[in-house]
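Here's the structure, in structure tokens; my notes come after.
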Amino acid sequence: MQNGTRLAAIDIGSNSFRLEISAVDHGQIQRVEYIKDTVRLGNGLDATRNLTPEAMRRGWDALARFAERLANFKHAQVRAVATQTLREARNREEFLLRARTTLGFGIDVIPGREEARLIYLGVAHLLPRNEQADGERRLVVDIGGRSTELALGRALEPQTMDSYRLGSVAWSMKYFPQGQFSSATFRAAEVAAKAVLEEALPIYPRDQWDVAYGASGTIGAVGDVLAAAGGTPGVITRTGLDDLIGRLIRAGSTDKVRIEGLREDRKPVIGGGVSVLRALMDLLEIDQMQVAQGALRHGLLHQLLDRDAGVTDLRETTVERLSARFVTDPAQAARVAHTAQMLYLQLRDSAETQDTAERPQDAAGDGRRSLRKLRWAAVLHEAGVQISHTDYHKHGAYIIDHCDAPGFTLDDMHQLSQLILGHRGKLHKIEIMLNDADFVMQLLALRLAVLLCHARRDPQPQALHLARRDASTFEIQAHADWAAHYPQSMHLLREEAFAWHRVGRKLRVLLVN
């Protein structure tokens, strides 16, 4: 990536939306601009876990302001992710549909462990690099609005990651709903936080890390307050945290809090945040925590930089790991993947020929991304075969939709799971996905590849030509001698045509000499 190229990362958090713009400088990133908007999206989840119209409006307005700043950016230069509130929200697609249009860029809802991984990368990249620092075992903590992330690792490599459903916004709403502080409420909030976090104790014991680092909102705010009170800048101690809690109790309520270093926008969620931090420090025996400069958005920026530099995409490694764990016939997986890609390229070429006038600016990039996702789905299409030979596609879809998959977003994994679910059998079970034209082409290519490789030997895809005639009509031309030589494959093609007919699509099978 050329020096001076600008990259942007957007963190759509439960408490704040953050935009970080950086410039590439000899393989490193240098901040150009940082914008934070306190949206409190997490406050807008109602009792049924739906975002209220008011909360969605606040979010859309913030993204509109970001969009103005990103007007000249290309899609490859921007990464936007959403975290716990949108992981929970039942109506998240309603919010995201308008949010993506408003921002002008895609928005990925990432799993909790992926969030923890990116936070670790952001923290690690902004720490000093030297032999001693690279050798230290690091515990990284981030207390967000509705979730808390933990990660263990060395240097730039996170090794263990987890996300827990508690945070400053959620705990403030639950234990300090009127903004009232007392010893009893802080005690109740801390006990409840320990109940959630106690499963972290055997995973992150004190003997597994050397230095604890804290990232982002709550921890940064506490660090500022303790430094203003005369503490060591950038260091949080349990003694200092206890002193802060005592000052909040003496104030009695958020509107009476007058503490140097505590910003106004942090006051409504400080009670919940320090309760979670106090529970975590006590439970994991953290006597001292370093306030880190890096955060989720910095991890996103370095991920953009790494992908452009040709660093191996973590998703490839994840698929390899899942394949090694679940796929019993790697030769068949590779065979199906190769055939599916060949068929998809035929479909894509015919579709782009038809749609030249309406072809998006980054159609080539979209095609590469779709081809890669198709290959991943093909490699993993038999992931459920160890559970059931008859319903393996259902079990495989469940595994992929729910497994830990570093590098992937929730939407990515769901799309892969739906390709796996739909690669055999009736199509009604995934009919809602058939509104996506590219998904249909991916699925058709995958189904035909599985069909042609049914004998677990290399097929002859060059004997077939697959084309899209319009959005709902596809055509397979097969050589007559191929059809005579492979009668079972020809029978399966006709059955496939009938399956698509039942969901309102046409798949014509034509024989040519």
Pairwise side-chain contact, [X] with [Y], heavy-atom cut-off 4.5 Å (strictly under):
X	Y	value
His454	Leu492	yes
Tyr204	Leu197	no
Val39	Asn15	no
Thr339	Pro459	yes
Phe17	Leu41	yes
Leu493	Leu448	yes
Trp500	Leu443	yes
Ser370	Lys373	no

*What about the rings of Tyr392 and His423, do their centers lie closer together than 6.0 Å?*
yes
_Centroid-centroid distance, His298 to His125, less than 6.0 Å_ = no
*Kindly say whether Arg40 contributes a backbone atom to a donor-acceptor pair with the side chain of Arg58 at under 3.5 angstrom?*
yes
*May I have the step-by-step check of salt bridge (charged side-chain N to carboxylate O under 4.0 Å, His left out) for Glu382 and Arg456, ending in yes or no?*
CA-CA 13 Å; Glu382 290 188 330; Arg456 294 187 179 267; 2.6 Å; yes
*State the CZ-CD1 distance between Arg79 and Ile110, to the nearest 0.5 angstrom.*
7.0 Å
_What verdict does the salt bridge (charged side-chain N to carboxylate O under 4.0 Å, His left out) test give for Arg31 and Glu20, after you've listed the backbone C-alpha separation in whole Å, the side-chain angles of each residue and the deciding distance to 0.1 Å?_
CA-CA 7 Å; Arg31 174 180 282 184; Glu20 181 96 14; 2.7 Å; yes
Can a salt bridge be assigned to the pair [X] and [Y] using a cut-off of 4.0 Å between side-chain N and carboxylate O?
X	Y	result
Arg315	Glu320	no
Arg154	Glu136	no
Asp210	Arg138	no

*So which of Arg325, Arg113, Arg117, Arg321 actually passes salt bridge (Lys or Arg N to Asp or Glu O under 4.0 Å) with Asp404?*
Arg113
